Engineer: 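Structure provided below as structure tokens; questions to follow.
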Amino acid sequence: MNSPEGASAAGTPSKISLDSLPIEIFLMICEHIDTNTLIRSLMYVNKQFYDIINNYYLWKKRGMRTTNDCEVAFMRAMNYEEDTFNWKQFVWHTELEDSCWSEYETKTTTTVFSGAHFSEVRAVLMAKDGNYCISASSDRSICLWNTMDAVRNPVVHKVDSHLGWVWDLGIYDDDHFLSGSWDSKVKLWNTSNFMPSSQPIHTFSTDASVMSITSKENFIAAGLCCPKIIAFDPREPEKRLFELLRSHSLSIIDLCLIEDYYLISLSADKTVSVYDLRKNKQVKSMLLSNEMNMLPMCASYYDNILFIGDNLECMYWLDCSHGKFDVIQVVSLAKPINDYVQKYRLNCIKCTNYGSIMTGGNEGVVYILTPTNPPKVITKLQNSGSEITSIDYQNDTLVVGYISSDVQVWKKK
């Protein structure tokens, strides 16, 4: 007697191959499989799987469910179009960040570097695809740390780099980084052979203490402890490209570059200024808030949205589409967890993908947040409770600098 279809001769059901399933059922199964498995493994089983898993509507449906009716920063941009948005990348980043950081105790390793600096760490920076981190301190030194095998081989190279507090760091390219100091100097260093005896490749002189730096190829900008921004070209280190004197009335707290031609400056005069490098002129100046004591403290850019953190528990979304730089949302952040902190001051903010925004400030906690309003707190990373001055994130590695002089690294397993 012939066995019925789908059953073995012994009467037990035979295995059904996934590639023989109707598309509708296969899509339903995909909805219950994590994105990382779908993208990195299952979609490469065969061409049919690839076409199905790469389907735009699969990811759009999953992405809309992920937003959970919250406003998402990237979907508020003027040039956002639902039918062309990269839903696959959005879902992938969102699920990866949530999965990792919500279970960071088991899914990351952490190392605290202590003892090299004897004063506050003012800036940290990831380099070489996250395999090394750089820290700068008020003790006038810069340290290079190994994050690949931090426990057994931290490889600390320390250079007494400046004659004043080292206040900011910046990546220039894959092999070089920048430091800015209260000695009114910006220095360009070689990352690959940074040793205790290292000397800077170039030294750029400014007119006041350097508070912030940013750069791109053949361009370095320094924001000073006065209402001035100075730009240099490393090919002609003695020559200044330009000086911005009228953009602000007080010192420059932070600088960032957007799309290589917009220079954004945050000032102690409470304003944010936009300078178009192509037109060589300021195109916008704005007050983010009417609060008397509000100061813009830090900024980070990703996919048309500029995130700015202030000293009064707020984050601002600016739509950078078409050079508009309009404030589209003011987001209230989580209240401080320490009773002695009256207001949460954001000292640093970092957004590197669609999945999360990382903030650090005066209460000594790194918040991993979703880029939504209201923001979901994925997790809180708390070490000693010492104030956080700087964070950076690259290639699944997070580095944090503290007032206590420590540097801490979290690395995804």
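The structure displayed is predicted, hence computed values, not measured ones. Values below: all heavy atoms of this structure, side chains included; hydrogens, waters and symmetry mates excluded.
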Engineer: Is the shortest side-chain N to carboxylate O distance from D207 to R240 below 4.0 Å?
Structural biologist: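 Counted as a salt bridge, because a side-chain N and a carboxylate O are separated by less than 4.0 Å.
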Engineer: Under 4.0 Å between a side-chain nitrogen and a carboxylate oxygen: does that hold for K376 and D98?
Structural biologist: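 Yes.
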Engineer: How far apart are the C-alpha atoms of D276 and K281, what are their side-chain angles, what is the distance that settles it, and do they pass the salt bridge (Lys or Arg N to Asp or Glu O under 4.0 Å) test?
Structural biologist: CA-CA 6 Å; D276 192 330; K281 70 174 185 178; over 6 Å; no
Engineer: Evaluate side chain to side chain contact (heavy atoms under 4.5 Å, CB included) for T397 paired with V409, printing each intermediate quantity in order.
Structural biologist: CA-CA 7 Å; T397 305; V409 171; 3.6 Å; yes
Engineer: Kindly indicate, with the supporting measurements, whether the criterion side chain to side chain contact (heavy atoms under 4.5 Å, CB included) is fulfilled by I305 and I328.
Structural biologist: CA-CA 10 Å; I305 301 295; I328 54 175; 4.0 Å; yes
Engineer: If you count heavy atoms of other groups shown closer than 6.0 angstrom to NZ of K216, is the number above 12?
Structural biologist: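 Check passes, neighbour count above 12.
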Engineer: Supply the atom-to-atom distance K187 NZ to I220 CD1, rounded to the nearest 0.5 angstrom.
Structural biologist: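 Result: 13.5 Å between the selected atoms.
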Engineer: Does a donor on one side chain sit under 3.5 Å from an acceptor on the other, for S99 and K107?
Structural biologist: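 On atom types as modelled, these side chains qualify, holding a pair under 3.5 Å.
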Engineer: Only one of T370, T66, D303 passes side-chain hydrogen bond (donor to acceptor under 3.5 Å, both in side chains) with Y354; say which it is.
Structural biologist: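 That would be D303; it is the only one of T370, T66, D303 passing the side-chain hydrogen bond (donor to acceptor under 3.5 Å, both in side chains) with Y354.
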Engineer: With no hydrogens and no angle check, do the side chains of E217 and Y172 hold a donor and an acceptor under 3.5 Å apart?
Structural biologist: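 Checked: E217/Y172 side chains show no N/O donor-acceptor pair below 3.5 Å.
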Engineer: Look at atom CD of E82 and say whether more than 12 heavy atoms of other residues, nucleotides or ligands are closer to it than 6.0 Å.
Structural biologist: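 Counting other residues, nucleotides and ligands, CD of E82 exceeds 12 neighbours.
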Engineer: Salt bridge check, K350 against D392: does any charged N sit closer than 4.0 Å to a carboxylate O?
Structural biologist: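 K350 and D392: salt-bridged.
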Engineer: Side chains of C133 and N146: closer than 4.5 Å at any heavy-atom pair?
Structural biologist: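 Result no, sub-4.5 Å side-chain heavy-atom pair not found.
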Engineer: Do you see a donor-acceptor pair shorter than 3.5 Å between the side chains of Y402 and Q408?
Structural biologist: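 Yes, Q408 and Y402 have a side-chain donor paired with an acceptor closer than 3.5 Å.
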Engineer: Answer yes if the side chains of S321 and N79 hold a donor-acceptor pair under 3.5 Å, and no otherwise.
Structural biologist: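 A pair is found: one side chain offers a donor N or O, the other an acceptor, under 3.5 Å apart.
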Engineer: Taking the six-membered ring for Trp, are W87 and F90 parallel (under 30°), tilted (30 to 60°) or perpendicular (over 60°)?
Structural biologist: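 Plane angle over 60°, so perpendicular.
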Engineer: Counting only heavy atoms not in R65, do more than 12 fall under 6.0 Å of its CZ?
Structural biologist: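 Yes, the 6.0 Å shell around CZ holds more than 12 heavy atoms from other groups.
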Engineer: Do K128 and D175 meet the salt-bridge criterion of a basic N to acidic O distance under 4.0 Å?
Structural biologist: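 K128 and D175: salt-bridged.
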Engineer: Do you see a donor-acceptor pair shorter than 3.5 Å between the side chains of T359 and Y344?
Structural biologist: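 Yes.
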Engineer: Is the count of non-hydrogen atoms from other residues, nucleotides or ligands lying under 6.0 Å from K324 atom NZ greater than 12?
Structural biologist: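 Not more than 12 within 6.0 Å, no.
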Engineer: Applying ring-ring contact (aromatic ring centres under 6.0 Å, His included) between F74 and each of Y302, F85, W317, report the one that passes.
Structural biologist: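 Among Y302, F85, W317, the one that satisfies the ring-ring contact (aromatic ring centres under 6.0 Å, His included) with F74 is Y302.
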Engineer: List for me each residue that meets ring pair (Phe, Tyr, Trp, His ring centres under 6.0 Å) alongside F325, sequence neighbours excluded, and say none if there are none.
Structural biologist: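 Partners of F325 by the ring pair (Phe, Tyr, Trp, His ring centres under 6.0 Å) criterion, ordered by chain and then number, come out as Y262.
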Engineer: Please determine, by modelled atom types, if N395 and K412 share a side-chain donor-acceptor pair under 3.5 angstrom.
Structural biologist: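 On atom types as modelled, these side chains do not qualify, holding no pair under 3.5 Å.
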Engineer: Residues in salt bridge (Lys or Arg N to Asp or Glu O under 4.0 Å) with D34, at least two apart?
Structural biologist: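 If we apply the salt bridge (Lys or Arg N to Asp or Glu O under 4.0 Å) test to D34, skipping adjacent residues, there are no hits.
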Engineer: I'd like to know whether T191 forms a side-chain hydrogen bond (donor to acceptor under 3.5 Å, both in side chains) with H176, so could you lay out the CA-CA distance, the side-chain angles of the two residues, the decisive distance to 0.1 Å, and finally the verdict.
Structural biologist: CA-CA 5 Å; T191 313; H176 301 89; over 6 Å; no
Engineer: Regarding S141 and D160, is there a side-chain donor-to-acceptor distance under 3.5 Å anywhere?
Structural biologist: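 There is no such pair between these side chains.
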Engineer: Ignoring hydrogens and angles, state whether a donor on the side chain of S179 or H162 is under 3.5 Å from an acceptor on the partner side chain.
Structural biologist: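 Yes, side-chain donor-acceptor contact under 3.5 Å.
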Engineer: Under 30°, 30 to 60°, or over 60°: which ring-plane class applies to F232 and F204, parallel, tilted or perpendicular?
Structural biologist: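 The rings of F232 and F204 sit tilted, inter-plane angle from 30° to 60°.
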Engineer: Among E313, E363, E387, which residue satisfies the side-chain hydrogen bond (donor to acceptor under 3.5 Å, both in side chains) criterion with R345?
Structural biologist: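 Answer to the side-chain hydrogen bond (donor to acceptor under 3.5 Å, both in side chains) test with R345 among E313, E363, E387: E387.
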Engineer: Is the closest side-chain heavy-atom distance between W189 and L144 below 4.5 Å?
Structural biologist: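 Of all side-chain heavy-atom pairs linking L144 with W189, none is under 4.5 Å.
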Engineer: Using a cut-off of 6.0 Å, state whether more than 12 heavy atoms not belonging to K413 lie near its atom NZ.
Structural biologist: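 Result for NZ/K413: enclosed.
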Engineer: Just by distance, with hydrogens left out, do S135 and W145 show a side-chain donor and acceptor under 3.5 Å apart?
Structural biologist: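 Yes, W145 and S135 have a side-chain donor paired with an acceptor closer than 3.5 Å.
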Engineer: In terms of side-chain geometry, is the basic nitrogen of K284 or D326 positioned less than 4.0 Å from the acidic oxygen of its partner?
Structural biologist: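 D326 and K284: salt-bridged.
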